[in-house]
Amino acid sequence: MARGASRAVSAEGLAPSPDDRQTAEALAQVVEAAGEADVVVMGDARDAAGVAGALAAYLGLPLVAGVRDFAADPDDPGRIVAHRKTDKTLETLLIAVPALITVSAVENEKNVPSMKQMLAAKKAPVEKVEGRALPATEIEKTAQRRPQVKRARIFDGPVEQAAKDLVAALRADGIL
């Protein structure tokens, strides 16, 4: 709200599901119950990467993922201007509304809302829309763990010896 949104809607009573399609269907019902929206915004979720695409499909909206920032197009109220970073470039996109946008976290945000904007946003009403309970799914999470991380190795000494040690280590690990 501190960024200029005219309203916010909170989905109440929805528990996460390991089934991205099912989660998207439930969110689509919440969005439809909330009424007309120019832009539906959600965070990028690595744990549920399929939700945004499925939600856009359910709502019949174009999807622009990985957006760093966006604003209304000053020249055309029917569009928004968005920026997203790819591996090699920073894209500027003109997007016709309505649309669904996923936003990426930005490490060093440049245009931080003022204290006045943040306090006003905190006081703004958030509409609550009750989500429906999700039915049982055929997907069951049976375990969750952090992946094993191999420790880095440093090869000290003269360059020739370090190179020999590196090649030996790569062979021992089955890489060479």
Side-chain angles (χ1 to χ4, degrees), residues 1-5 8 10-11 14-28 31 39-59 61-73 79-97 99-115 117-118 121-122 134 136-176:
M1 299 291 286
R3 295 290 188 181
S10 172
L14 285 179
S17 168
D19 184 343
D20 290 351
R21 181 210 50 85
Q22 192 174 59
T23 301
E25 183 179 3
L27 287 172
V31 171
V39 181
V40 176
V41 182
M42 58 189 295
D44 278 342
R46 291 182 198 155
D47 295 343
V51 172
L55 177 58
Y58 276 116
L59 297 173
L61 297 176
L63 167 65
V64 180
V67 169
R68 295 171 55 106
D69 62 80
F70 67 95
D73 183 346
R79 295 189 310 188
I80 55 176
V81 179
H83 299 98
R84 72 176 167 192
K85 187 177 182 195
T86 66
D87 289 339
K88 298 178 182 173
T89 63
L90 181 61
E91 297 177 331
T92 299
L93 307 163
L94 294 175
I95 306 162
V97 296
L100 188 144
I101 293 176
T102 66
V103 291
S104 295
V106 177
E107 291 175 18
N108 298 320
E109 192 170 353
K110 292 180 181 140
N111 299 321
V112 178
S114 69
M115 182 60 73
Q117 290 171 313
M118 288 191 278
K122 190 173 182 180
L134 298 174
T137 180
E138 296 295 321
I139 300 170
E140 180 181 346
K141 186 186 291 187
T142 59
Q144 182 172 327
R145 63 178 176 81
R146 291 186 185 268
Q148 286 185 323
V149 178
K150 285 192 172 187
R151 302 201 53 86
R153 292 186 240 171
I154 298 174
F155 301 99
D156 285 331
V159 175
E160 296 82 14
Q161 185 59 46
K164 287 178 185 177
D165 293 344
L166 173 61
V167 170
L170 291 172
R171 284 190 177 131
D173 289 346
I175 297 171
L176 292 179

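Legend: residues meeting side-chain contact (heavy atoms from CB on, under 4.5 Å) with A24, ordered by chain and number and at least two apart, are V51, A54, L55, Y58. With sequence neighbours excluded, no residue forms a side-chain contact (heavy atoms from CB on, under 4.5 Å) with A168. Contacts of V97 classified as side-chain contact (heavy atoms from CB on, under 4.5 Å), with partners at least two apart in sequence or in another chain: D38, V39, I80. Residues meeting the salt bridge (Lys or Arg N to Asp or Glu O under 4.0 Å) test with R84, sequence neighbours left out: E91.
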Using the side-chain contact (heavy atoms from CB on, under 4.5 Å) rule, take V31 and M42 through it: C-alpha gap first, then chi angles, then the decisive distance, then the call.
-> CA-CA 12 Å; V31 171; M42 58 189 295; over 6 Å; no
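Taking each heavy atom of A99 and L61 in turn, the nearest pair found is C-CD1, 4.1 Å. Across all non-hydrogen atoms, the minimal contact from V81 to H83 is CG1-CE1, 4.2 Å.
When atom types are taken as modelled, the side chain of D73 and the backbone of R79 share no donor-acceptor pair closer than 3.5 angstrom.
By the 4.5 Å heavy-atom criterion applied to side chains, I101 and V40 are not counted as neighbours. Inter-residue side-chain proximity for I95 and F70 is flagged as unmet; no heavy-atom pair is nearer than 4.5 Å.
Screening residues 155-171 for salt bridge (charged side-chain N to carboxylate O under 4.0 Å, His left out), with sequence neighbours left out, gives no hits.
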